[in-house]
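Data first, discussion second: the structure below is written as structure tokens.
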Amino acid sequence: MTADKADALRALHVPGTPLVLPNVWDAASARAVQDAGFPAVATGSAAVARVLGYEDGEGTPADEMMAAVARVARAVDVPVTADVERGYALEPAALAEALAGAGAVGCNLEDSLPGTGEMVETGVQADFLAEVRAAAGPGLVINARIDLYLYGSGDRAAAVERARRYLEAGADCVYPIGLADEEEIRALAGELGGMVNILFRPGGPSPARLAELGVARISFGSGLHRASADYTRGLLAKVKEGRSPY
């Protein structure tokens, strides 16, 4: 069953017809995504961390993050992919085992040191991804995050070099988080055969436009959780004022 779900998740990555993932933070939000008709569910580490009372940047203990992922996976029937930052200092085999135990058939792994913004050397990250792939086998869809547009040069050549190394190491898709320029997205997707994940952000290309640019996956990160939290604050302000929040 796990292998079947991983195959199903992998098959949803189609350049030009991207997998859209409105990232979730708990079982209730996961069910809402499934009920809305999305074919897969993705957790967002920043949102899950806030729900659990921790800071993003691997402030969440590994066992608590995996327990949160497990609750999401138990709540839905569709494939679940988990944002696990840089693995919470788990060795690759332990990370693969923890993800499988939580019911996740995919994961995000980033290439900067959590909390510092320091980029991991390309070869070191590629080796890490290769070890995770070897430990997990084909039952895990690996989305390799590239943080150059957040913390590095934002240079396409450097991003392509990292992306190619990560794909060669066994990643299924690469995630240049922070990249929003349309022509750069098109060029990167073209050079990499389209196996690119882009973060949707207000002011950036629409999901329809990202599909036209050839990406295979669209994420929403912690954006929906932030919007939900803002809406909740508005409800609470009405209660505080003695008004109906409804």
Side-chain angles (χ1 to χ4, degrees), residues 1-10 12-13 19-34 38-52 54-112 114 128-129 131-133 135-147 166 170-175 177 197 199 217-225:
M1 181 63 72
T2 298
D4 289 344
K5 283 191 171 181
D7 289 343
L9 177 60
R10 191 173 282 112
L12 291 168
H13 291 69
L19 170 63
V20 178
L21 294 168
N23 299 74
V24 308
W25 50 92
D26 60 9
S29 56
R31 286 196 189 101
V33 166
Q34 177 177 267
F38 292 92
V41 164
T43 67
S45 65
V48 174
R50 293 189 192 109
V51 168
L52 296 177
Y54 297 101
E55 295 297 323
D56 193 26
E58 295 202 351
T60 309
D63 58 346
E64 292 196 45
M65 180 60 73
M66 293 302 174
V69 172
R71 287 191 291 273
V72 166
R74 285 196 300 269
V76 297
D77 299 317
V78 297
V80 171
T81 180
D83 181 357
V84 291
E85 305 191 61
R86 199 165 182 271
Y88 303 100
L90 295 174
E91 292 297 320
L95 176 59
E97 182 179 2
L99 286 164
V105 296
C107 71
N108 283 8
L109 289 168
E110 58 200 50
D111 63 356
S112 63
F128 173 63
L129 294 171
E131 290 176 20
V132 174
R133 168 59 69 213
L140 185 69
V141 178
I142 299 175
N143 189 36
R145 208 175 88 173
I146 298 171
D147 288 0
Y166 298 168
D172 297 279
C173 188
V174 294
Y175 182 12
I177 189 169
N197 179 182
L199 175 68
R217 175 168 168 162
I218 300 170
S219 298
F220 281 72
S222 61
L224 291 173
H225 180 256

Less than 4.5 Å apart, side chain to side chain, heavy atoms only: is that true for Val84 and Met66?
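Yes, side chains in contact.
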Using the side-chain hydrogen bond (donor to acceptor under 3.5 Å, both in side chains) rule, collect all pairs that involve [range], keeping only residues at least two apart or in two chains.
range           : result
residues 22-33  : Asp26-Ser29
residues 67-81  : none
residues 85-106 : Glu85-Tyr88, Arg86-Gln125

Stepwise, does the side-chain contact (heavy atoms from CB on, under 4.5 Å) test hold for Asn143 with Asp172?
CA-CA 6 Å; Asn143 189 36; Asp172 297 279; over 6 Å; no
Kindly compute the distance separating [atom1] ([X]) from [atom2] ([Y]), expressed to the nearest 0.5 Å.
X      : Y      : atom1 : atom2 : result
Thr2   : Asp7   : OG1   : CG    : 11.0 Å
Tyr175 : Asp147 : OH    : CG    : 9.5 Å
Phe220 : Leu199 : CZ    : CG    : 9.0 Å
Leu95  : Cys107 : CG    : SG    : 6.0 Å
Arg145 : Ile177 : CZ    : CD1   : 4.0 Å

For [X] and [Y], which heavy atoms make the closest approach, and how far apart are they?
X      : Y      : value
Val69  : Ala104 : CG1-CB, 4.0 Å
Leu12  : Ala40  : CD1-CB, 4.2 Å
Val80  : Ala73  : CG2-CA, 3.9 Å
Gly170 : Ile142 : O-CD1, 4.4 Å
Glu58  : Ala89  : OE1-N, 4.0 Å
Val72  : Val41  : CG1-CG1, 3.8 Å

side-chain contact (heavy atoms from CB on, under 4.5 Å) assessment of Met65 paired with Tyr54:
CA-CA 10 Å; Met65 180 60 73; Tyr54 297 101; over 6 Å; no
Could you tabulate the donor-acceptor pairs under 3.5 Å formed by side-chain atoms of residues 43-52, not counting sequence neighbours?
{"residue": "Thr43", "atom": "OG1", "partner": "Asp83", "partner atom": "N", "Å": "3.0"}
{"residue": "Ser45", "atom": "OG", "partner": "Asp56", "partner atom": "OD1", "Å": "3.3"}
{"residue": "Ser45", "atom": "OG", "partner": "Asp83", "partner atom": "OD2", "Å": "3.0"}

Leu140 backbone acceptor or donor facing Arg133 side chain under 3.5 Å
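Answer holds: yes.
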Do side-chain atoms of Gln34 reach the backbone of Val78 as a donor and acceptor pair under 3.5 angstrom?
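Yes: the side chain of Gln34 pairs with the backbone of Val78.
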Residues which pass side chain to side chain donor-acceptor pair (under 3.5 Å) with Tyr166, listed by chain and number, not counting sequence neighbours:
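Result, side chain to side chain donor-acceptor pair (under 3.5 Å) vs Tyr166: Asp111, Arg162.
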Quick one: side chain to side chain donor-acceptor pair (under 3.5 Å) partners of His13, sequence neighbours excluded?
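His13 satisfies side chain to side chain donor-acceptor pair (under 3.5 Å) with Arg217 only.
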Take Leu21 and Phe38 through the test side-chain contact (heavy atoms from CB on, under 4.5 Å) and record every step on the way to the result.
CA-CA 8 Å; Leu21 294 168; Phe38 292 92; over 6 Å; no
